[in-house]
Amino acid sequence: MLIILLGPPGAGKGTQAERIVIKYQLAYISTGDILRGAVREQTNLGRKAKQYMDQGQLVPDELVVAIVKDRLADPDCAEGALLDGFPRTVVQADFLEKALPEIGIKIGKVLSIEVAEEELIERLTGRRVCSECGANFHLKFKPPKVRNVCDLCGGDLYQRDDDTLETVKERLEVYKKQTEPLIAFYEEKGILSPIDGNQDIEAVNDQINIILEKI
Ligand code: ADP
Ligand code: AMP
């Protein structure tokens, strides 16, 4: 079964994903993480994607769809997977609708995490990520025990290039235009569950667990 995490940048998708994949033993697919990996390794895909990511724009559908198609074919996805940050356009959602029957997986739930815009800006500009294990922190809301050091692996924390105020504002605009229509798309299919993301991390997680335990 597939679980999809939908929501604007900074809503807490990655933070909740860390918990969900452990509790429900799902494979994790974050298109953002895969693309950042490709940029770091300077692959062909990475070179193409970087120009869009740096500007807060979406990477073209055909590139992202190819990544997800490959990843869903991995053996660890056979039982189910958590999609974080995909789909982000109606074209991507249509691709999933067509691809899933072939792969033999269904979408169990789309969790739509909703958070007020001012809060999103504060979350994104204060986000820090571990350069070694990718764990997420926040200067104010989830500070590491030692400044700039990951609690989990001791790696250095860094600020993502696209978490500057200017790029954050662009990403929020892109979300409204290109991704928000997916809320209605999945609502119509009867598989959307809105989540109040304006709560602390544990309270959001509790709300998600109540929904996932019913599937
Ligand atoms: P997304 O994956 O949706 O872009 P993240 O999970 O990376 O968002 O969260 C963005 C930032 O906000 C991170 O620094 C994270 O530590 C912090 N954060 C996540 N959830 C909450 C929450 N419920 N309350 C406060 N801060 C949060
Ligand atoms: P994220 O880590 O989910 O915040 O994604 C970071 C950036 O990667 C986005 O701003 C986009 O440029 C790109 N990206 C991630 N997922 C997608 C997607 N599904 N479609 C297009 N671009 C994406």
Side-chain angles (χ1 to χ4, degrees), residues 4-19 30-42 45-61 63-64 67 83-89 92 111-152 155-183 194-205:
I4 294 177
L5 282 176
L6 188 64
K13 300 183 295 298
T15 304
Q16 296 302 326
E18 282 179 22
R19 291 165 165 74
S30 156
T31 42
D33 280 356
I34 295 170
L35 289 166
R36 275 185 293 281
V39 170
R40 255 195 320 275
E41 286 161 28
Q42 300 185 341
L45 168 69
R47 273 189 290 276
K48 284 185 198 152
K50 188 178 182 333
Q51 51 188 314
Y52 299 97
M53 295 169 79
D54 283 350
Q55 286 170 23
Q57 299 298 319
L58 294 184
V59 173
D61 288 326
L63 296 179
V64 184
I67 294 174
L83 280 175
D84 168 0
F86 184 94
R88 248 171 158 111
T89 64
Q92 294 176 15
L111 302 168
S112 170
I113 309 182
E114 298 169 356
V115 177
E117 183 155 331
E118 318 78 70
E119 172 78 11
L120 291 172
I121 293 175
E122 192 172 7
R123 286 191 191 177
L124 288 167
T125 52
R127 171 161 61 187
R128 295 294 181 270
V129 183
C130 176
S131 54
E132 300 288 327
C133 72
N136 256 329
F137 295 88
H138 191 281
L139 293 179
K140 185 166 150 193
F141 303 130
K142 194 188 170 194
K145 293 193 182 84
V146 179
R147 200 166 172 270
N148 282 328
V149 177
C150 176
D151 288 353
L152 306 182
D156 292 336
L157 303 187
Y158 75 100
Q159 181 174 32
R160 273 171 49 173
D161 291 344
D162 59 352
D163 277 347
T164 57
L165 184 58
E166 193 190 350
T167 314
V168 159
K169 286 187 173 162
E170 184 58 32
R171 287 161 64 205
L172 293 175
E173 284 306 308
V174 166
Y175 170 79
K176 276 187 215 152
K177 281 196 202 113
Q178 302 196 58
T179 309
E180 212 167 52
L182 294 183
I183 295 178
I195 305 290
D196 178 7
N198 298 294
Q199 316 171 75
D200 67 39
I201 293 172
E202 292 311 321
V204 176
N205 192 236

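When all heavy atoms of C133 and C150 are compared, the closest pair comes out as SG-SG, 3.8 Å. Closest non-hydrogen pair, G56 versus V174, comes out as O-CG2, 3.6 Å. Shortest non-hydrogen contact noted between P60 and Y52 is CD-CE1, 3.5 Å.
If you take CG on D162 and CG on L124, they are separated by 8.5 Å, rounding to the nearest 0.5 Å. Annotation: the span from R160 atom CZ to Y158 atom OH amounts to 7.0 Å, rounded to 0.5 Å. The structure places CG of L172 at 6.0 Å from CD1 of I121, a figure rounded to the nearest 0.5 Å. With values rounded to the nearest 0.5 angstrom, E114 atom CD is found 11.0 Å from L120 atom CG. How far CG of L111 is from CG of D84: 11.0 Å, rounded to the nearest 0.5 Å. Rounded to the nearest 0.5 Å, atoms CG (D151) and NZ (K142) are 8.0 Å apart.
The closest donor-acceptor contact from the side chain of R19 to the backbone of Q16 lies at 3.5 Å or more, if one exists at all. In this structure, the side chain of Q51 does not engage the main chain of V59 through any donor-acceptor pair within 3.5 Å. Put simply, the side chain of R171 never gets that close to the backbone of P9: no donor and acceptor are under 3.5 Å apart. Judged purely by atom type and a 3.5 angstrom limit, T179 uses its side chain to pair as donor or acceptor with the backbone of R88. Under a 3.5 Å cut-off, the side chain of R127 and the backbone N or O of H138 do not form any donor-acceptor pair. Looking only at distances, no side-chain donor or acceptor of K13 sits under 3.5 Å from a matching main-chain atom of G85. Judged by distance alone, the side chain of S131 and the main-chain N or O of D156 form a donor-acceptor pair under 3.5 Å. No donor-acceptor pair under 3.5 Å is formed between the side chain of D61 and the backbone N or O of Q92. A donor-acceptor pair under 3.5 Å links the side-chain atoms of Q159 to the main chain of T125, judged by distance alone.
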For L6 and I113, what are the C-alpha separation, side-chain angles and deciding distance, and is it a side chain to side chain contact (heavy atoms under 4.5 Å, CB included)?
CA-CA 6 Å; L6 188 64; I113 309 182; over 6 Å; no
When you look at K176 and E117, which way does the salt bridge (Lys or Arg N to Asp or Glu O under 4.0 Å) test go after all the steps?
CA-CA 11 Å; K176 276 187 215 152; E117 183 155 331; 3.1 Å; yes
Test L45 against I67 for side chain to side chain contact (heavy atoms under 4.5 Å, CB included), laying out the working first.
CA-CA 10 Å; L45 168 69; I67 294 174; 3.8 Å; yes
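Only one option out of D196, T15, I195 pairs with V204 in a side chain to side chain contact (heavy atoms under 4.5 Å, CB included); it is I195.
Listed by chain and residue number, K50, M53 satisfy the side-chain contact (heavy atoms from CB on, under 4.5 Å) test with V39 (two or more places apart in sequence, or in another chain).
No side-chain heavy atom of D163 sits less than 4.5 Å from a side-chain heavy atom of T167. Counting heavy atoms from C-beta on, the side chains of L5 and L83 never come closer than 4.5 Å. Between V149 and P144, every side-chain heavy-atom pair lies at or beyond the 4.5 Å cut-off. No side-chain heavy atom of F137 sits less than 4.5 Å from a side-chain heavy atom of P143. Side-chain contact between T89 and L58 is present, with at least one heavy-atom pair separated by less than 4.5 Å.
E18 and N136 share no side-chain donor-acceptor pair at under 3.5 Å. In this model, no donor atom of one side chain and acceptor atom of the other lie less than 3.5 Å apart for E170 and Q55.
A salt bridge is defined here as a Lys NZ or Arg NE, NH1 or NH2 lying under 4.0 Å from an Asp or Glu carboxylate O, and R123 with E119 meets this definition.
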